[in-house]
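Step one of this worksheet: look at the structure below.
This chain uses plain numbering: 1 for the first residue, then up along the sequence.
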Amino acid sequence: MNKKMIAILAISATTVVAGCATSKVDSYSNPAYSSSKVNSAAVMPISNQRINAGQALETNRRIISALQLRNPQMKIVAGPDAIATINDKDLVDPWNNFIVSYSQTGLPNTKTLKSITDALGVDTVVVGTIVRVREQDAAAYVYPFIEISLRYTMFDKNGTILWEISSSAKQDGYLSKPPMEEVVSSAMDSIIAQLPK
C-alpha cells in the first residue's frame, strides 16, 4: 500500500470517528399508567431553554404527536395555549415556582399542579426540560461536539409522576460543531421510543 492510499484511509477513519453520535436514555413508568386511561394533557413549553424557539416547538410537537398516536382520543392543550390560559388566570408565578422547585428537589407542588390542571381543564401535565447543553469548538487535537440532555415528565393533577424519560445525545463534528437540531432530534428519538403505551 502506498503512502497516498494510507493517508486517504487515515483521513476516512478519522472522519467516521469524528462524525459519530451516541445517546443514552433512562425511563420510569408508573405501573398503574396506561395512555388509554389519560383523557387529556397539557404539554407545556420546554423549560431552561438553551435551544432556539423553532427547536423547542418541534420537540413539543413531536411529544404531542407521539402521545396522540398512543391515544387518538386524548385531548391535548399545546404549550402556547396553555401559557395564554396560565397568564389569564394569573398563575405564571406559581408555575415558575413549580418548575424551579421540582428541578431542585424532585418534589412536585401538588397545590400548584391542581390549580394548573383545573385552569387548563386537563387530567395531566407534561413538562419538558433542557437539563444540560455542552458544546466544544474545534481546537488543536480536540474535535468539536454538542451534547444535550432532555427530560420529559407527565404528572397527574395529584402530583403523581405517571412517567419520566431522560435522554442524552452527543454528536461529534470534524471541523465544526454538528447542527444543534440534529442532536436535539436524536435525544427526542430516544424519548419517543421509550414513551409507555
Could you walk me through whether M44 and I83 pass the side-chain contact (heavy atoms from CB on, under 4.5 Å) test, one step at a time? CA-CA 8 Å; M44 306 303 283; I83 291 304; 4.2 Å; yes
Before giving the answer on side-chain contact (heavy atoms from CB on, under 4.5 Å), spell out for T85 and D81 the whole-Å C-alpha distance, their side-chain angles and the decisive distance to 0.1 Å. CA-CA 6 Å; T85 301; D81 293 332; 5.6 Å; no
More than 12 heavy atoms from other groups under 6.0 Å of NZ on K157: yes
Can you list the steps and then say if T124 with V122 is a side-chain contact (heavy atoms from CB on, under 4.5 Å)? CA-CA 6 Å; T124 62; V122 295; 5.7 Å; no
How long is the span from the CG atom in L69 to the CE atom in M74, to the nearest 0.5 Å? 11.0 Å
Any carboxylate oxygen within less than 4.0 angstrom of a Lys/Arg side-chain nitrogen, looking at D189 and R62? yes
Residue D88 excluded, over 12 heavy atoms near CG under 6.0 Å: yes
Within this structure, what is the OG-NZ distance for the pair S166 and K24, rounded to the nearest 0.5 Å? 11.5 Å
Which atom of P108 lies closest to which atom of G106, heavy atoms considered: CD-O, 3.7 Å
Between Y33 and I161, is the side-chain contact (heavy atoms from CB on, under 4.5 Å) condition met? List the steps. CA-CA 9 Å; Y33 174 79; I161 296 174; over 6 Å; no
Measure the spacing between CH2 of W163 and OG1 of T153 and express it to the nearest 0.5 Å. 7.0 Å
Which heavy-atom pair separates S167 from A187 by the least distance, and what is that distance? OG-O, 3.0 Å
